[in-house]
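Every number for a ligand or one of its atoms is a count from 1 in the order of the listing.
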Amino acid sequence: MELHWLTVKEAGELLSRGELGWRELFLGLRERIDRVDPRVRAYISLAGDDAISPPGGKGSLSGIPLAVKDNICTKGLETTCASKILKGFRPPYDATVIERLKTAGCVLLGKTNLDEFAMGSSTENSGLFTTHNPWDLGRVPGGSSGGSAAAVAAGECLAALGSDTGGSIRQPAAFCGVVGLKPTYGRVSRYGLVAFASSLDQIGPICRTVEDAALIMEVISGYDPKDSTSAPYPPLNAHELLSKEVKGMVVGLPREYYGEGLDPQVREAVMEGVRVLEGLGCRVEEVSLPHTPYAVATYYLVATAEASSNLARYDGVRYGLRAVGYEDLYEMYVKTRSQGFGEEVKRRIMLGTYALSAGYYDAYYLKAQRVRTLIRGDFERVFETCEALVTPTSPTPAFRIGERVQDPLTMYLSDIYTISANLAGIPAISIPCGFTQEGLPVGLQIMGRAFDEATILSLGHAYQGVTDWHKKTPPL
Ligand code: GLN
């Protein structure tokens, strides 16, 4: 048995029956990382020997080795956001999700690569290095949670955490052939997640099965007084998340998500997935989300505005890097930020600052907020009749490393189908639904009503019960 291909569910059963030791599992994964990570480069850092102490508690995930995106604070363990500006930053506390995973008995393997401060769709904006797609090492793993998705796909962990502001869990999950869930805004505490765009950010699981996503959600979801946007609901129950009756569900296909720009092979795989859902008894109908064409522009105003404010704190005074050789405080700020931030982060700070500046605020930021309300309204309308929406996760499969770096606009378009769920605050999951002729994975996205993760997870779980795309592993 290859330990590194176990699901969280399978490993949990073996561990609890005493047929597998947590140390054996942990070391098995470490060995796998040693073998494949020099080629994949999913990890920024590996947890030290303290991770090899026996897992705390007898929780539901006792002994399960996980990877965590490096923008989630881990006490004493370097948290860089893949930025030079945070080099050497060791948080004095754990994010709430980390605290909860530790209480449930998880073992932390290490921290995974991302686009700097989660700004990007390929990990090429990482200030450290680019991660490679395990299915084709010449291609990107997607982003920004590319390290987490690649680690899961390559068998370098059983599951991982990512964060999703405009698609950063779902798009890399699609590119790497794994499952990625962005929960409803407010469902999972953001305390200890380094903020990019606070009204859009959510933490969620990346794993191989929908069932594993439910097991992780059971642990990380639920109200947290330390996050003022946390919703006042108790943690979700994994069994309830997976057991809704799928037969008779009304599933909408938003016409705007199947138009121009969609790769024909992606379309074919997704439509095949839709037929599988029909076979499970779902009723499929075409719907319209008319404000979809404005989503990318709206997102890049709201997200950059919030980012420009959130990133003001990296000034050389409190965290990580401080430039040397300055005359006064102002020059220290300028030098530190010029040297510490990468190009994309600077671009976004400038765009956001511009959108918020006097004279332009109404024309850009305020207008974007109004369009955001219209986009949310589109979803409210279709969810009066549909329980879920099915779309491609990304218009294309994984692209080649280097192909889009000079063209930020094309890069931004790879999130065209994922961004709206963040603007509307609704939950959405990406599930592997096939491969292109070149052997690249394709992801199918299911979006649901706010706080109705149960519908999309039950659909995804039923889908995985009758398909086996999620069982395929890359030839590494
Ligand atoms: N790719 C999108 C961006 O660059 C989304 C990133 C994210 O979800 N963190 O902003």
Side-chain angles (χ1 to χ4, degrees), residues 68-72 81-83 112-127 130-131 140-149 160-176 180-183 185 188 190 193-206 295-308 310-311 341-352 355 368 372 393-396 398-399 404-405 407-430 443 445 447:
V68 173
K69 187 176 183 179
D70 206 23
N71 62 349
I72 298 175
C81 294
S83 181
T112 54
N113 196 23
L114 62 151
D115 291 289
E116 186 175 0
F117 285 104
M119 297 175 185
S121 307
S122 68
T123 78
E124 291 165 298
N125 295 339
S126 167
T130 298
T131 299
V140 303
S144 65
S145 313
S148 285
L161 290 185
S163 69
D164 191 313
T165 306
S168 277
I169 288 176
R170 291 160 287 156
Q171 184 257 23
F175 280 16
C176 291
L181 170 69
K182 181 202 93 73
Y185 186 77
V188 175
R190 292 183 296 110
L193 168 68
V194 177
F196 161 11
S198 311
S199 76
L200 302 161
D201 298 339
Q202 264 294 282
I203 295 174
I206 298 179
V296 173
T298 305
Y299 170 84
Y300 277 96
L301 285 166
V302 174
T304 57
E306 293 182 14
S308 71
N310 276 325
L311 270 58
F341 288 137
E343 229 176 90
E344 181 64 23
V345 174
K346 287 177 190 163
R347 172 162 34 238
R348 299 213 185 181
I349 291 173
M350 287 188 279
L351 280 170
R372 182 175 186 176
T393 304
S394 185
T396 68
F399 43 89
R404 298 193 184 174
V405 275
D407 185 0
L409 220 53
T410 311
M411 189 75 95
Y412 294 174
L413 286 175
S414 68
D415 296 306
I416 192 157
Y417 303 144
T418 48
I419 274 171
S420 295
N422 301 77
L423 290 169
I426 58 175
I429 190 167
S430 179
Q445 174 175 240
M447 297 187 268

Considering all heavy atoms of both residues, which atom of Asp164 and which atom of Ile169 are nearest to each other, and what is their separation? OD2-N, 3.1 Å
Checking Thr418, Asp201, Asn422, Asp415 against Thr165 for side-chain hydrogen bond (donor to acceptor under 3.5 Å, both in side chains), the one that qualifies is Asp201
Classify the ring geometry of Phe117 against Phe341: parallel below 30°, tilted from 30° to 60°, perpendicular beyond 60°. perpendicular
Specify the closest pair of heavy atoms between Lys69 and Ser144, including all atoms of both residues, with the distance to one decimal. NZ-OG, 2.8 Å
Heavy-atom contacts with ligand 1 below 4.0 Å: which residues, ordered by chain and residue number? Ala118, Met119, Gly120, Ser121, Ser144, Asp164, Thr165, Gly166, Gly167, Ser168, Phe196, Tyr299, Tyr300, Arg348, Asp415
Electrostatic pair Lys346:Glu343 at N-O distance under 4.0 angstrom: no
Can Val302 and Arg372 be said to form a side-chain contact (heavy atoms from CB on, under 4.5 Å), step by step? CA-CA 9 Å; Val302 174; Arg372 182 175 186 176; 3.9 Å; yes
